[in-house]
Amino acid sequence: MENKTSKYFKYAIGEIILVVIGILIALQINNWNENKKIENEITQTISDLENDLTYNHKEAQRILKFYYQMDSLTKLGIYKKLKKEDYYENNFLNYLTANWDQLRPKASNIIKLIDYEKDAKKEYKEVIEEAKLLRDQKVDLDSNWELVTKVISDEVEYMSQYQFTSAKDSINKEAKINFFLHNPEYEKRLYKSWSVNQVYYDNIARYMAVNLATLLKIKQVNKDFDTSQMKQLLAHYNMKPFIKAECSESQITSPQYRKYRASHLLVNTTKDSIFLNLYFDKKASSRLILEPYQMARSYSYFVGIDGNQNILIEQVDNSGNCIKKFRAIKNGYLIIE
């Protein structure tokens, strides 16, 4: 009897062990399937994000072109270089203080990818960190846009008090042009509009730089992008490398080769930390450290309508001695190799 009980007990234990093993295997398979599903979702999200970033960059370039045109024309008005015939020939001049375009970047996949952070593979962690910077940059962009809309609303309300803003006859057209040319209040509003717009388009340039950094980081992870491939992609976007300058150039004394305020993409492709001094308006205004393989954006500052928008970037060693210098250019970038 005891022998039968013992055999039965061993049989029951064996059955329990088999059931437990079966459950563990089922759980493992379920976990594997769930992890594979998440992995596929992350891969698809990054693929979709890559398309979004390409779209965002092209949109940013288009809108920057608009604001650069606005900037140039507004300065002509501020400097009193516009004549009556200019307003007849260029209808754009009639809306200098109330003309705008908003950058609306695609951002849903950025947030989606960040939400996957704890489940993402190690190689995607750097992409997610870049995505976080881009998310934060969009917050700044949207916040600045709120200021732009307030100024535009104020301007529309102010101009609506004048009959010539809605009338199309020649007499009112003449009155409107004389207002633009000679009204002191309009001159103040023109300067205010320029100030607000150049801050906004600089925020667009900042967003574009971080957007590019995120795109390049994705291509590095997925396609093992090297420096030459980076340059090819940037050239595809009509971007050019900064111009090399002599270390003896301690201040920017050449004529303005950079007319608009903007931030730029900076890339360190080396295993060493890179120390950079940034010169704004002929003065050393900022120092930036690029960590190994880091991508970042340069800084920009408001220097006033008569300020020099040129930027000189100086690469220095640990002791502060110049190694080389670079001149920032419109739609430019800097890759340290």
Side-chain angles (χ1 to χ4, degrees), residues 61-102 144-145 147-162 164-165 170 172-206 243 251-264 279-283 285 298-312 327-332:
Q61 284 189 315
R62 179 187 67 80
I63 295 175
L64 279 176
K65 184 178 180 180
F66 164 81
Y67 278 107
Y68 290 160
Q69 181 185 13
M70 284 283 293
D71 186 282
S72 297
L73 292 175
T74 304
K75 284 180 179 177
L76 290 177
I78 293 172
Y79 289 135
K80 297 187 178 299
K81 292 184 177 181
L82 293 174
K83 299 178 181 179
K84 183 179 294 187
E85 52 267 28
D86 294 324
Y87 286 91
Y88 282 104
E89 294 173 1
N90 188 351
N91 191 53
F92 204 71
L93 294 172
N94 294 286
Y95 307 99
L96 286 180
T97 57
N99 206 348
W100 54 271
D101 201 348
Q102 181 187 6
N144 188 248
W145 175 249
L147 175 60
V148 175
T149 57
K150 288 178 181 178
V151 172
I152 292 172
S153 298
D154 175 66
E155 187 61 26
V156 170
E157 182 179 355
Y158 171 76
M159 293 299 292
S160 65
Q161 67 180 303
Y162 296 100
F164 57 64
T165 57
S170 58
N172 278 291
K173 175 71 173 179
E174 189 79 9
K176 180 164 62 174
I177 294 174
N178 285 329
F179 175 85
F180 290 152
L181 290 172
H182 306 296
N183 187 280
E185 178 61 25
Y186 180 73
E187 292 178 18
K188 295 178 183 178
R189 289 177 172 272
L190 203 59
Y191 181 82
K192 182 179 181 180
S193 175
W194 173 82
S195 300
V196 171
N197 282 340
Q198 63 89 37
V199 172
Y200 181 63
Y201 72 63
D202 177 53
N203 269 273
I204 294 175
R206 295 180 188 185
I243 300 170
Q251 288 187 336
I252 304 173
T253 55
S254 58
Q256 284 200 355
Y257 48 81
R258 186 174 177 278
K259 296 181 180 180
Y260 310 107
R261 179 180 177 184
S263 297
H264 299 276
Y279 291 80
F280 299 91
D281 204 24
K282 302 184 181 180
K283 298 181 291 291
S285 304
S298 64
Y299 301 108
S300 64
Y301 291 95
F302 179 78
V303 296
I305 197 164
D306 294 318
N308 192 333
Q309 291 290 352
N310 292 344
I311 292 181
L312 191 68
R327 294 176 180 174
I329 60 174
K330 179 183 176 183
N331 208 28

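Throughout, numbering of the chain's residues begins at 1 and tracks the sequence.
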Chemist: Taking the side chain as every heavy atom from C-beta outward, state whether Y279 and R327 have any atom pair closer than 4.5 Å.
Modeler: no

Chemist: Do W145 and N203 have side-chain heavy atoms sitting under 4.5 Å apart?
Modeler: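 They are not in contact (no side-chain heavy atoms under 4.5 Å apart), so the answer is no.
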
Chemist: Is the shortest heavy-atom distance from the side chain of I305 to the side chain of I78 under 4.5 Å?
Modeler: yes

Chemist: Is any side-chain heavy atom of W100 less than 4.5 Å from a side-chain heavy atom of M70?
Modeler: no

Chemist: Which atom names give the shortest non-hydrogen contact between F180 and L93, and what distance separates them?
Modeler: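 In this case the closest contact between F180 and L93 is CE1-O, 4.4 Å.
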
Chemist: Give, for atom CD1 of I204 and atom CZ of F66, the distance between the pair rounded to the nearest 0.5 Å.
Modeler: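 Taking CD1 in I204 and CZ in F66, the distance rounds to 9.5 Å.
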
Chemist: What heavy-atom pair brings R206 and S263 nearest, and what distance separates the two atoms?
Modeler: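 The pair with the smallest heavy-atom distance is CG-OG, 3.1 Å.
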
Chemist: Closest approach of T97 and S193, non-hydrogen atoms and distance?
Modeler: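 Minimum heavy-atom separation between T97 and S193: CA-OG, 3.6 Å.
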
Chemist: About how many Å separate OG1 of T74 and CD of Q69, when rounded to the nearest 0.5 Å?
Modeler: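 Nearest 0.5 Å value for the CD-OG1 distance: 10.0 Å.
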
Chemist: So, are R62 and D101 salt-bridged, with charged N and O less than 4.0 Å apart?
Modeler: yes

Chemist: Quick one: list whatever passes side chain to side chain donor-acceptor pair (under 3.5 Å) with Y95, sequence neighbours left out.
Modeler: none

Chemist: Taking the side chain as C-beta and beyond, is there a heavy-atom pair between K150 and V196 under 4.5 Å?
Modeler: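 Sidechains of V196 and K150: no contact.
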
Chemist: In terms of ring plane angle, is the pair Y191 and W194 parallel, tilted or perpendicular, where the classes change at 30° and 60°?
Modeler: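 Tilted.
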
Chemist: As an exercise, state the distance from CG of N178 to CG of N183, rounded to the nearest 0.5 Å.
Modeler: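 The CG atom of N178 sits 10.5 Å away from the CG atom of N183.
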
Chemist: Please determine whether a side-chain nitrogen of the Lys or Arg among D71 and K75 lies less than 4.0 Å from a carboxylate oxygen of the Asp or Glu.
Modeler: yes

Chemist: Flag the pair K176 / Y87 as yes when at least one side-chain heavy-atom distance between them is below 4.5 Å, and no otherwise.
Modeler: no

Chemist: To the nearest 0.5 angstrom, please state how far the OH atom of Y201 sits from the OH atom of Y260.
Modeler: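 The OH atom of Y201 sits 7.5 Å away from the OH atom of Y260.
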
Chemist: Take V199 and L147 through the side-chain contact (heavy atoms from CB on, under 4.5 Å) test and state the conclusion after the steps.
Modeler: CA-CA 10 Å; V199 172; L147 175 60; 6.0 Å; no

Chemist: Side chains of Y186 and L96: closer than 4.5 Å at any heavy-atom pair?
Modeler: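 Side-chain contact under 4.5 Å: yes.
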
Chemist: Look at atom CD of Q161 and say whether more than 12 heavy atoms of other residues, nucleotides or ligands are closer to it than 6.0 Å.
Modeler: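 Result for CD/Q161: enclosed.
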
Chemist: Nearest 0.5 angstrom please: T149 OG1 to D154 CG, how far?
Modeler: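 Result: 11.5 Å between the selected atoms.
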
Chemist: Please, which pairs that meet salt bridge (Lys or Arg N to Asp or Glu O under 4.0 Å) have at least one residue in residues 83-99, sequence neighbours excluded?
Modeler: K84-E174

Chemist: Calculate, to the nearest 0.5 Å, the distance between atoms NZ and NE2 belonging to K330 and H264 respectively.
Modeler: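 Here the rounded value is 11.0 Å.
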
Chemist: Determine, for E155 against K192, whether the closest basic-nitrogen to carboxylate-oxygen distance falls under 4.0 angstrom.
Modeler: no

